[in-house]
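What follows is a set of notes on a single structure, which appears directly below.
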Amino acid sequence: MSDAASIDVTSLPARYDDVRAHTERLAAPLSPEDQTVQSMPDTSPTKWHRAHVTWFFETFVLADNEPRFAPYQDTYWFLFNSYYEAVGPRWSRPMRGVISRPGAHDVGLYRGNVDDRMRDLMATLDEGTLTKLAPTIELGFHHEQQHQELLLMDIKHVLSLNPLDPSYAGNPSSGDMSGTLEWRDFDGGLVEIGHETSLDGGFCFDNELPRHQQWLEPYRLADRLVTNGEWLAFMADGGYRRPELWLSDGWARVQSEEWAAPAYWSDRDGVWFEHTLTGTRPVDPELPACHVSHYEADAYATWAGKRLPTEAEWEHAARLQEQAPANLADTESWHPRAAGEPVDGLRQLFGDCWEWTSSAYLPFPGFHPTAGALGEYNGKFMSGQMVLRGGCALTPPGHARASYRNFFPPGARWPLTGVRLADGGAPREPRR
């Protein structure tokens, strides 16, 4: 979270309106029926996302600061609480899709009510009180931006199961090339990892702290993400049929779920197609391979004779890289784009696909969660998850920084994830 003194409180109302309006723009292409569907336990209906981020402001800002506070609707506190045990009971996550009422229109009324009350609160609080409250309001902005990305990932899964093959919006990119994969060397040594305000900006989540030292052996990173064309070669060489390439848990998932290609790929008369938010189209060999699990990423790296980077290697490399154009919040193709020709540094470092690392999602040395109920935001999930870095084509720009730590279970395929290879130390032979 940000330090209160670093936040311009005069900008809070405008920033609030910008964040809230963008969520509604993302939901606008969807029908009320689209917004109610939950296609699997890991996804949430669009209207639930819209309601939950509103619940966040009502619960953590209005409840303790609004004169004569009363919740908009008592049952909403139960329905739209995600995982905050300290706040009270909540509806089961896998059952969010059965909440047919309130409907999408009712959720819009809820959002409007809370927005009016938030604006009134920010306009009436004295500067000292607003300054103390500002870090929680800013956390609400970043929380809603996280859900904007999740909203798009979730509706992609929903629409992929519709037999009419509908699209969400936009048009695919075409004609771009990814160029030759090259390698960039890094010396390693004693490096510092974690959020640094002067480098990363004022805001961070608690899991990005504290900044600490870590030793890295020399290593190198691929200068771009693995492409669909390269993934097709892995598949053609029996990548999904060779247990020696896979971690034990990953091989069990391959067999139990019959994985044979990345998520959203389908074989139609010998031609591979990919479902995207712009519709279902033939797989473009130049685009990054995406919607692969950590298990798949690790198996591909083993097949290629490489490995996945650690999160410390990724962050160290990112801090040495001059900021390059990034494909974030892509409202044209809503999808990763080709890398283009090689440059001096790393391509696709921020944006396009969240990049799997080999690092388990664990606390940094000296980590302490935020006090109170907001301490449940990140720390309670530091078990059974893997770290991803860099952002994706659906990520708001405010979430692309070197220290940002995303995390998902190793079997997750619905997030927009991809693969950057690494090596260093003892050479490994490709298993082709």
R90 to W77 six-membered ring, cation-pi geometry met (6.0 Å, 45°) | no
is_close_aromatic(F381, Y361), centroid dist under 6.0 Å = no
Might you confirm whether atom CG of D185 has over 12 heavy atoms from other residues, nucleotides or ligands at distances under 6.0 Å?
-> yes
Side-chain heavy atoms of L277 within contact of I155, under 4.5 Å | yes
Salt bridge or not for D200 and R319, using N-O below 4.0 Å?
-> yes
salt_bridge(D116, R119) N-O dist < 4.0 Å = yes
Would K156 count as a cation-pi partner of W334, with NZ or CZ less than 6.0 Å from the six-membered ring centre and within 45° of the ring normal?
-> no
Within 45° cone of F57 ring axis and under 6.0 Å: R20 NZ or CZ = no
Going by distance alone, is a donor N or O of one side chain under 3.5 Å from an acceptor N or O of the other, for Q321 and R184?
-> no
What do you reckon, are the aromatic ring centroids of F80 and F78 less than 6.0 Å apart?
-> no
Would you please classify the geometry between the W55 ring and the H52 ring as parallel, tilted or perpendicular, with 30° and 60° separating the classes?
-> parallel
Does D187 CG have over 12 foreign heavy atoms under 6.0 Å away?
-> no
Could you tell me whether R281 and E274 make a salt bridge, using a distance below 4.0 angstrom between a side-chain N and a carboxylate O?
-> no
Between E313 and R389, is there a salt bridge with N-O shorter than 4.0 Å?
-> no
Ion pair present between E66 and R68, side-chain N to carboxylate O less than 4.0 angstrom?
-> no
SB check E192 R211 (cutoff 4.0 Å) | yes
